[in-house]
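Just so you know, these numbers come straight off a predicted model, no measurement behind them.
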Amino acid sequence: MATSAVGPGFLTQTTVFTQTLGASFAFVILVSILLDIGAQLNIWRVIVVAKKRAQDIANDLLPGLGFAIAGAVALGGLAFNIGNVGGAGMGMNVLFPSLSPVVGAAISAVIAVTIFLLKDAGKIMDRFTIVMGGALIAMTLYVLLSTEPPVGEALYRAVWPEEVNVIAIITLVGGTVGGYITFAGAHRLIDAGVTGQEALPQVNRGSISAISLASLVRVMLFLAALGVISQGVTLDPSNPPASMFQHAAGNVGYKLFGLVLWAAAITSVIGAAYTSVSFLKTLHPLIEKYSRACIIGFIVTSTVIFCFIGKPIALLIIAGALNGFILPVTLGIMLIAATRKSIIGDYKHPVWMSVFGWLITIMMAAMSLYTLYTMLFK
């Protein structure tokens, strides 16, 4: 779940909003962490206790509801994957400036399909991504320490911001636990046989540690970007995160980040396609039978749409916001399911967790409506 969250959208959203909001982005991060933990704890616990995937729980709650949820999550996954393909194109463009992001995205899609089809390639790519994740953390720490960001100002603005940006909150929460991402972790637990009430301590630890890991990387990246921006640097709007590393770590840092960005994007492309298709399997048995072909088709479709649209930065921001819209629906359904004995048996969902979950559902629904109004009429 953490590796799914820390993709190209995560990197782009963090740097873009840091440049827009400055130190006040710390408040957005703090609020999003609290919402992330509350949402994921509720969703994971219900799925693991019910021993069923989210769409099957929704169908038990109301016949046909699971199909709607599957379609919505898959649509959100498609939006994410279009952005992920764009992120891969941006990474290729950094590594090979002669390649446009669109051409880089097309080449990356071919590589993603090849990795998916080759049995051992996936394991090698997993190890490579872990190494790249370590490189990202090391680079971010270097930038953070070398630019000396105003940490005191960030701490103060975390509780007393100059402005509250609702769209940023929706985008961050959607990019961390919205849409398919939170279910990617919960469904992996189901596949691994980590189910039932006896597994709840493990679920709690796994859920919170996943959010904590992703949030730690977010805070580090925010402080590094804040340090660069506080020096009066204006980031390149065509690739803000790469621009940040170029200003702080020179051309070597710029190229290395391009490789990191590409690795994060290519694994996210495969992960988003796999998880989205796992939801679509509910819709028709043929999707289950030809799941590999459907996953490849999902990647190809994402790539074709990106090649026609372009604009990877805008797509990565919009994808997070769109998946933020989906969260209150899926979380609300899981909270209702937590009250049905036919689904969860004799399990008693903690009252404080239900209250926290419903508060998040209402807040996210209200912020989603506000964001939608802002996008359409302002």
**Q** Quick check against the 3.5 Å criterion: does Ser243 have a side-chain atom that pairs as donor or acceptor with the backbone of Leu235?
**A** no
**Q** Check for me, please, whether Trp160 and Val31 land in the same ILVMFWY cluster - side-chain distances under 4.5 Å, paths through other members count.
**A** no
**Q** Are more than 12 heavy atoms, taken from residues, nucleotides or ligands other than Tyr274, located less than 6.0 Å from that residue's OH atom?
**A** no
**Q** Does a side-chain heavy-atom distance below 4.5 Å link Phe27 with Leu21?
**A** no
**Q** Quick check: do Asn81 and Asn84 have side-chain heavy atoms less than 4.5 Å from each other?
**A** yes
**Q** Indicate yes or no: at least one non-hydrogen side-chain atom of Ser215 is less than 4.5 angstrom from one of Ile29.
**A** no
**Q** Quick one: pull up CZ in Phe298 and OG1 in Thr303 and give me the separation to the nearest 0.5 Å.
**A** 10.5 Å
**Q** Does the Thr339 side chain pair with the main chain of Ile336, one donor and one acceptor, at a distance under 3.5 Å?
**A** yes
**Q** Can you name the nearest heavy-atom pair linking Leu327 to Val177, along with the distance?
**A** CD1-O, 3.8 Å
**Q** Evaluate the side chain to side chain contact (heavy atoms under 4.5 Å, CB included) criterion for residues Ile229 and Met244: first the C-alpha distance (whole Å), next the side-chain angles of each, then the deciding distance (0.1 Å), finally the verdict.
**A** CA-CA 8 Å; Ile229 292 165; Met244 178 193 78; over 6 Å; no
**Q** Counting C-beta onward and ignoring hydrogens, is there a side-chain heavy-atom pair between Ile115 and Ile111 closer than 4.5 Å?
**A** yes
**Q** Which pair of heavy atoms, one from Ala186 and one from Ile47, lies closest together, and at what distance?
**A** CB-CD1, 3.8 Å
**Q** Hey, could you give me the CD1/OG1 distance between Ile43 and Thr330, rounded to the nearest 0.5 Å?
**A** 4.5 Å
**Q** Tell me, do Phe10 and Val217 make a side-chain contact under 4.5 Å, heavy atoms counted?
**A** yes
**Q** Just do the side chain to side chain contact (heavy atoms under 4.5 Å, CB included) check on Asn239 and Asn93 with the steps written out, would you?
**A** CA-CA 10 Å; Asn239 196 336; Asn93 176 248; 5.6 Å; no
**Q** Between Ala50 and Ile57, what is the shortest heavy-atom contact and its length?
**A** CB-CD1, 3.7 Å
**Q** Would you check, one step at a time, whether the test side chain to side chain contact (heavy atoms under 4.5 Å, CB included) holds for Val94 with Phe257?
**A** CA-CA 8 Å; Val94 170; Phe257 179 77; 5.9 Å; no
**Q** Could you check if a side-chain atom of Leu117 sits within less than 4.5 angstrom of a side-chain atom of Ile296, using non-hydrogen atoms only?
**A** yes
**Q** Is any side-chain heavy atom of Thr15 less than 4.5 Å from a side-chain heavy atom of Leu11?
**A** no
**Q** Going from CD1 on Ile37 to OG on Ser212, what distance comes out if it is rounded to the nearest 0.5 angstrom?
**A** 5.5 Å
**Q** Work out which heavy atom in Val48 is nearest to a heavy atom in Ile190; give both atom names and the distance.
**A** CA-CD1, 4.3 Å
**Q** Honestly, is Arg53 close enough over Phe279, meaning NZ or CZ under 6.0 Å from the six-membered ring centre and within 45° of the axis?
**A** no
**Q** Measure the CG-CG distance between Leu41 and Asp36 for me, rounded to the nearest 0.5 Å.
**A** 11.0 Å
**Q** Can you tell which of Val28, Leu34, Leu35 makes a side-chain contact (heavy atoms from CB on, under 4.5 Å) with Val173?
**A** Leu35
**Q** Grab the two heavy atoms, one from Ala154 and one from Leu226, that are nearest each other, plus how far apart they are.
**A** CB-CD2, 4.2 Å
**Q** Atom CG in Leu61, atom CG in Asp56: separation rounded to 0.5 Å?
**A** 12.5 Å
**Q** Are Leu75 and Leu280 linked, directly or through other ILVMFWY residues, by side chains that come within less than 4.5 angstrom of each other?
**A** no
**Q** Distance only, no hydrogens: is a donor on one side chain within 3.5 Å (strictly under) of an acceptor on the other, for Arg218 and Thr176?
**A** yes
**Q** Short question: side chain of Ser230, backbone of Gly227 - any donor-acceptor pair under 3.5 Å?
**A** yes
**Q** Would you give the length of the straight line joining atom CD1 of Ile299 to atom OG of Ser276, rounded to the nearest 0.5 angstrom?
**A** 10.5 Å
**Q** Any chain of hydrophobic side-chain contacts (each under 4.5 Å) joining Val164 to Phe17?
**A** yes
**Q** How about Thr20 and Phe25: do any of their side-chain heavy atoms sit closer than 4.5 Å?
**A** no
**Q** Identify whether Trp352 and Val355 are in the same connected component of the hydrophobic contact network (ILVMFWY, side-chain heavy atoms under 4.5 Å).
**A** no
**Q** Please evaluate residues Val85 and Ser108 with respect to the criterion side chain to side chain contact (heavy atoms under 4.5 Å, CB included), reporting the C-alpha separation (whole Å), side-chain torsions for both, the decisive distance (0.1 Å), and the verdict.
**A** CA-CA 7 Å; Val85 170; Ser108 298; over 6 Å; no
**Q** Should we count CD of Glu148 as having more than 12 external heavy atoms under 6.0 Å?
**A** no
**Q** Decide whether Val351 and Ile362 are clustered together by the hydrophobic rule: side chain heavy atoms of Ile, Leu, Val, Met, Phe, Trp, Tyr closer than 4.5 Å, transitively.
**A** no
**Q** So among Ile360, Thr361, Thr182, Leu335, which one has a side-chain contact (heavy atoms from CB on, under 4.5 Å) with Asn42?
**A** Leu335
**Q** Is atom NZ of Lys255 surrounded by more than 12 heavy atoms (other residues, nucleotides or ligands) closer than 6.0 Å?
**A** yes
**Q** Among Thr14, Leu141, Val143, which residue satisfies the side-chain contact (heavy atoms from CB on, under 4.5 Å) criterion with Met220?
**A** Leu141
**Q** Locate the shortest heavy-atom distance separating Leu95 from Gly258; write the atom from each residue and the value.
**A** CG-C, 4.1 Å
